[in-house]
Asks: 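My questions all concern the structure below.
Just so you know, these numbers use all the heavy atoms, side chains as well, and skip hydrogens, waters and symmetry mates. Residues: numbered from 1 along the sequence shown. Both ligands and their constituent atoms are indexed starting at 1 by order of listing.
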Amino acid sequence: MGFAELGLGDDVLRAVADAGYSDPTPIQEKAVPYVLMGRDVLGCAQTGTGKTAGFTLPMIDILAQGRAKARMPRSLILEPTRELAAQVAESFDKYGKHHRLNKVLLIGGESMNEQIKTMERGVDVLIATPGRLLDLFERGGLILRDVKILVIDEADRMLDMGFIPDVERIVSLLPPLRQTLFFSATMPPEIRRLADAFLSNPKEISVAPPSSAAETVIQKLVVVPHGGGAARGTASGHKEKRAALRGILRHENVRNAFIFCNRKRDVGITCRSLERHGFNAGQLHGDMTQTARTETLDKFRRGDIPLLVCSDVAARGIDISDVSHVFNFDVPTHAEDYVHRIGRTGRAGKEGHAFTLAVPEEGKYVDAIQKLLDRQIERISVEGLTDGELEAAPSSKGRGGRGRRPKAEKPTVPPAGRSRERKPREEADKPVTGLGDHVPAFLLRPVKLSG
Ligand code: AMP
């Protein structure tokens, strides 16, 4: 099926042709006609599938009719990170170049006054992160009762990041008669419940299940032994991981790479260590200013910085198509994140390489990933380094199963004598899990059973 058969208007089709796309991707083929019909859509799709154009193209067509009023957006797109929001804004520019739609990007780290000023000219599309949107709403700078189309993108990531209460609040401020498009890479029960609450008779669309890592990515696993790192305030084994990383970087033909760490603090440590050893590296994490993040990303895109050490949040959905390698400096604690991370390479049929560095106690996470992928990741050794052995997950059979108590989750122990002043940083560096002490209303609602 070609773009012309999806029901899009001529101006949108011209922009699509200008972008150089010959055929719609599966999510576009499935979503566009339903969005144009005004139906709610529940889409299970990852970034990289073309989902942004899947909702942007028909929205531009719909919004082409009608006029925007000052401070009253006609459509709202919620994104979990500033980078994703900025990318969606770019898509609107690209696909809406033959229209005169006014879009506003409302994200933290940029001047709110500028954002308010742009809104005075009328807003066809408001692209926002939930926190910033509520900030502005509470200051009275925004009226939400004219929103006719709502897009909730990357809902599972919103859940991981603890944004669901904010999203619920925002949805409660919108008119109930609206079209809602809801996208998530995974559909755990919490996300299902949320979709049930927000959508009305949605068309369900699913492409590329999240457990399927691209076949073009060659995956390798390196297990390093425990090191003496904990005593110096770094997680155990990180020194060995840094040595392994350097070993691989020196032997592999790495054009450019994302290097993922689980904690913000380790992003900085790893980046500085690489630089000290003569590598050209940059870092990207959520605590950096928006200007610094944009600058670093641009440098990485241009190839000025070939190695980008980053956290999951910062790198989520970044669309850089030609990345040769992904390194998991830490094994992701959520197996789905592994699929997202390695999906940064091996795009569009190109060959990609993913190396995961693990210490013994990360065995349970490696186990979960291999279960999700339904295959073993090939283990390799790094020249000059001793191999470590993965600890078995508490429930799995074999080594370590009999007579051993399951190991308790090991907190990062601050070094003796410095615990008091370091505690807040340690807290801040913990990956976000769960919803804190707020139980959002959707979790308390009874689940609708089918049939
Ligand atoms: P997304 O999943 O929205 O992040 O899109 C991933 C990438 O696919 C972006 O670089 C888009 O420019 C590109 N893309 C989107 N639709 C198409 C298409 N129909 N043909 C080729 N590339 C596309």
Side-chain angles (χ1 to χ4, degrees), residues 1-9 11-33 35-36 41-61 77-97 103 105 125 127 151-158 181-186 205-210 212-214 216-217 256 258 297-298 300-302 312-323 326 336-337 339-350 352:
M1 190 189 274
F3 272 106
E5 288 144 79
L6 297 182
L8 293 163
D11 289 336
V12 174
L13 289 177
R14 262 202 297 151
V16 166
D18 295 345
Y21 306 159
S22 48
D23 296 299
T25 65
I27 184 93
Q28 292 162 4
E29 217 171 87
K30 291 178 185 171
V32 170
V35 181
L36 287 174
V41 168
L42 173 58
C44 189
Q46 292 171 255
T47 49
T49 53
K51 90 175 138 70
T52 316
F55 63 79
T56 312
L57 297 173
M59 276 177 78
I60 293 172
D61 234 17
I77 300 174
L78 294 177
E79 293 288 339
T81 67
R82 303 178 233 180
E83 278 76 14
L84 271 172
Q87 244 167 240
V88 171
E90 276 172 29
S91 296
F92 264 96
D93 290 340
K94 181 154 96 179
Y95 307 131
K97 63 196 260 205
K103 82 157 201 256
L105 180 60
V125 188
I127 304 153
V151 179
I152 299 173
D153 198 15
E154 305 266 336
D156 51 351
R157 183 50 48 158
M158 300 255 200
L181 316 175
F182 185 104
F183 295 93
S184 189
T186 55
I205 289 167
S206 179
V207 297
S212 59
T216 48
V217 182
N256 52 1
F258 281 113
L297 257 184
D298 285 347
F300 183 66
R301 271 202 183 93
R302 288 197 302 266
D312 284 291
V313 168
R316 177 76 175 192
I318 288 171
D319 179 29
I320 296 178
S321 55
D322 219 6
V323 175
V326 165
E336 287 87 5
D337 282 340
V339 181
H340 287 302
R341 288 181 182 184
I342 73 163
R344 310 283 99 216
T345 179
R347 296 188 130 194
K350 290 187 185 119

Asks: Gly50 versus ligand 1: do any nitrogen or oxygen atoms come within less than 3.5 Å of each other?
Replies: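 Indeed, backbone or side chain, Gly50 has an N or O that close.
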Asks: Heavy-atom contacts under 4.0 Å between Gln87 and ligand 1: side chain, backbone, both, or neither?
Replies: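 It is neither part, as no heavy atom is under 4.0 Å.
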Asks: How long is the span from the CZ atom in Phe92 to the OG1 atom in Thr52, to the nearest 0.5 Å?
Replies: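 Nearest 0.5 Å value for the CZ-OG1 distance: 10.0 Å.
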Asks: Can you tell me how far apart CG (Asp156) and OG1 (Thr186) are? Round to the nearest 0.5 Å.
Replies: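 Asp156 atom CG to Thr186 atom OG1 measures 3.5 Å (nearest 0.5 Å).
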Asks: Between Asp93 and Lys103, is the salt bridge (Lys or Arg N to Asp or Glu O under 4.0 Å) condition met? List the steps.
Replies: CA-CA 9 Å; Asp93 290 340; Lys103 82 157 201 256; 2.8 Å; yes
Asks: With backbone taken as N, CA, C and O and side chain as the heavy atoms from C-beta onward, which portion of Lys94 lies under 4.0 Å from ligand 1: side chain, backbone, both, or neither?
Replies: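 The answer is the side chain.
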Asks: What atoms in ligand 1 come closer than 4.0 Å to a heavy atom of Thr25?
Replies: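 So the atoms of ligand 1 that pass are 17 (C), 18 (C), 19 (N).
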Asks: Considering the heavy atoms of Asp23, write down every atom of ligand 1 situated less than 4.0 Å from one of them.
Replies: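 It comes down to these atoms of ligand 1: 18 (C), 19 (N), 20 (N).
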Asks: Give the atom numbers and elements of ligand 1 that come within less than 4.0 Å of a heavy atom of Thr52.
Replies: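 Counting from 1, the qualifying ligand atoms are 1 (P), 3 (O), 4 (O).
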Asks: Say you draw a straight line from CD1 of Ile152 to CZ of Phe55; how long is it, rounded to the nearest 0.5 Å?
Replies: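 Answer for the CD1-CZ pair, Ile152 versus Phe55, is 11.5 Å.
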Asks: Need the ligand 1 atom indices (1-based, order shown) with element for anything under 4.0 Å from a heavy-atom of Thr49.
Replies: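 It comes down to these atoms of ligand 1: 2 (O).
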Asks: State, yes or no, whether a side-chain contact exists between Thr81 and Glu154 at a heavy-atom distance under 4.5 Å.
Replies: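 No; the side chains remain at least 4.5 Å from each other.
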Asks: Would you say Ser22 has any N or O atom under 3.5 Å from an N or O of ligand 1, going by distance alone?
Replies: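 No; the residue has no nitrogen or oxygen that sits under 3.5 Å from a nitrogen or oxygen of the ligand.
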Asks: To the nearest 0.5 Å, what is the distance between OG1 (Thr56) and CG (Asp61)?
Replies: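 The CG atom of Asp61 is 12.0 Å from OG1 of Thr56, to the nearest 0.5 Å.
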Asks: How long is the straight-line distance from CG of Asp18 back to NZ of Lys97, given to the nearest 0.5 Å?
Replies: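 It is 3.5 Å, given to the nearest 0.5 Å.
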Asks: From the options Phe3, Phe55, Tyr21, Phe183, select the one whose nearest heavy atom is closest to atom 21 (C) of ligand 1.
Replies: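 Heavy atom nearest to atom 21 (C) of ligand 1 belongs to Tyr21.
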